[in-house]
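In what follows, a single structure is set out as structure tokens and then discussed.
Heavy-atom basis, side chains included; hydrogens, waters and symmetry copies ignored. Source: prediction; values computed, not measured.
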Amino acid sequence: MLHPSSPGPVGDRPIVLIGPMAVGKSAIGQQLAQQLGARFVDTDAVIVAGHGSIADIFAGRGEHAFREIEARTVADAVEEAEGTPTVISLGGGAVLDSGTQQLISRCIVVYLECDAETVVDRIARNSGRPLLAGDAMGRWTAMFATRRPVYERLADITLDVRHGSVPELGGRLEAALRNRAAAKQEVEK
């Protein structure tokens with residue numbers, strides 16, 4: 001494990017995990033942060049701690065209000081993390097905000113890639129996702145189709161999470177970060 005003040009495979013740029021709902025951004029993010037000796041921030045958890053459940057925000061104030069809170073929360077997390085080894089997990093739709101897209105361009109962006117089969121069990125177990133009310137998998141598939149090109153465009157690294165345990169995926173992601181850092185050093189020589 002790296003000492004928190006050592007730059008390691010990421011230098012001093014925060015690592016931001018993006019991808020669809022239920023792909024495992026929080027679990028893999030926590031795992032990676034632990035491996036790197038870095039801080040972990042889950043922006044959805046920060047929103048819940050400050051504003052109450054996401055479902056309640058949607059029900060009481062609507063999606064637009066939630067997206068404003070989310071964009072502010074992501075901006076605060078990224079700004080606070082700059083210059084430190086920090087892993088930040090974003091909500092599935094956070095990348096739709098153009099300001100957020102610009103902010104995370106200063107980070108190392110990791111897209112956790114999956115398919116509907118990968119998330120179907122997780123979505124069935126968790127009904128607290130307001131955007132998936134009703135036909136959860138139909139809505140997930142439609143949202144993913146819209147958001148996927150954005151995830152792909154923003155990603156510095158794409159990690160296929162269809163197979164493997166959280167520790168295995170964390171190990172693969174750390175290796176990908178190290179390979180990226182080594183390749184950048186070669187280019188700079």
Does a salt bridge link Glu68 with Arg61, judged by any charged N lying under 4.0 Å from a carboxylate O? no
NE2 (His51) and CZ (Phe66) are apart, to the nearest 0.5 Å, by 9.5 Å
Between the main-chain N or O of Arg148 and the side-chain N or O of Tyr111, is there a donor-acceptor pair closer than 3.5 Å? no
With a 3.5 Å distance limit and no angle check, can you tell me whether Lys25 reaches the backbone of Ile88 through a side-chain donor-acceptor pair? no
If we check side-chain contact (heavy atoms from CB on, under 4.5 Å) with Thr73, which of these qualifies: Val41, Thr43, Val78? Thr43
Are Leu90 and Ile104 close enough, and set up right, to give a side-chain contact (heavy atoms from CB on, under 4.5 Å), and what steps lead you there? CA-CA 10 Å; Leu90 301 191; Ile104 66 173; 4.2 Å; yes
Residues at least two apart in sequence or cross-chain that pass side chain to side chain donor-acceptor pair (under 3.5 Å) with Glu82, listed by chain then number, are Arg106
Checking the side chain of Arg172 only, and the main-chain atoms of Asp160 only, is there a donor and an acceptor separated by less than 3.5 Å? yes
In short, Val48 meets Ser53 closest at the heavy-atom pair CG2-CA, 4.3 Å
Qualifying side-chain hydrogen bond (donor to acceptor under 3.5 Å, both in side chains) pairs, either residue in residues 88-99, two or more places apart: Asp97-Thr100
With a 4.5 Å limit on heavy-atom distance, are the side chains of Thr158 and Glu152 in contact? no
With rounding to the nearest 0.5 angstrom, report the CD1 to CZ distance, Ile157 to Arg180. 5.5 Å
Taking all non-hydrogen atoms of both residues into account, name the closest pair between Pro85 and Ala38 and its distance. O-CB, 3.2 Å
Could you walk me through whether Ile15 and Leu173 pass the side-chain contact (heavy atoms from CB on, under 4.5 Å) test, one step at a time? CA-CA 11 Å; Ile15 301 165; Leu173 180 48; 5.5 Å; no
From the list Ile28, Leu32, Leu112, side-chain contact (heavy atoms from CB on, under 4.5 Å) with Leu169 holds only for Ile28
Going through the distances and angles, do Val95 and Val109 end up as a side-chain contact (heavy atoms from CB on, under 4.5 Å)? CA-CA 11 Å; Val95 297; Val109 180; over 6 Å; no
Can you list everything that forms a side chain to side chain donor-acceptor pair (under 3.5 Å) with Arg153? Sequence neighbours excluded, please. Gln101
Is the shortest heavy-atom distance from the side chain of Glu79 to the side chain of Leu103 under 4.5 Å? yes
Using every non-hydrogen atom in the two residues, find where Val87 and Gly29 come nearest and quote the distance to one decimal. CG1-O, 3.7 Å
Set out, in order, the CA-CA distance, both residues' side-chain angles and the distance that settles side-chain hydrogen bond (donor to acceptor under 3.5 Å, both in side chains) for Gln31 and Gln35, then state yes or no. CA-CA 6 Å; Gln31 176 69 36; Gln35 289 167 204; 3.0 Å; yes
When rounded to the nearest 0.5 Å, the distance separating CG of Leu177 from CD of Glu174 is 7.5 Å
Taking the side chain as everything from C-beta on, heavy atoms only, tell me whether Glu70 gets closer than 4.5 Å to Asp44. yes
Note, Ile69 side chain near Arg72 side chain (heavy atom, < 4.5 Å): yes
Quick one: closest heavy-atom pair of Val150 and Thr146, and the distance? CG2-O, 4.4 Å
Closest non-hydrogen contact found for Tyr151 with Gly19 is OH-O, 3.2 Å
What closest approach, in Å, do Gly52 and Ile57 show between heavy atoms, and which atom pair accounts for it? O-CD1, 3.8 Å
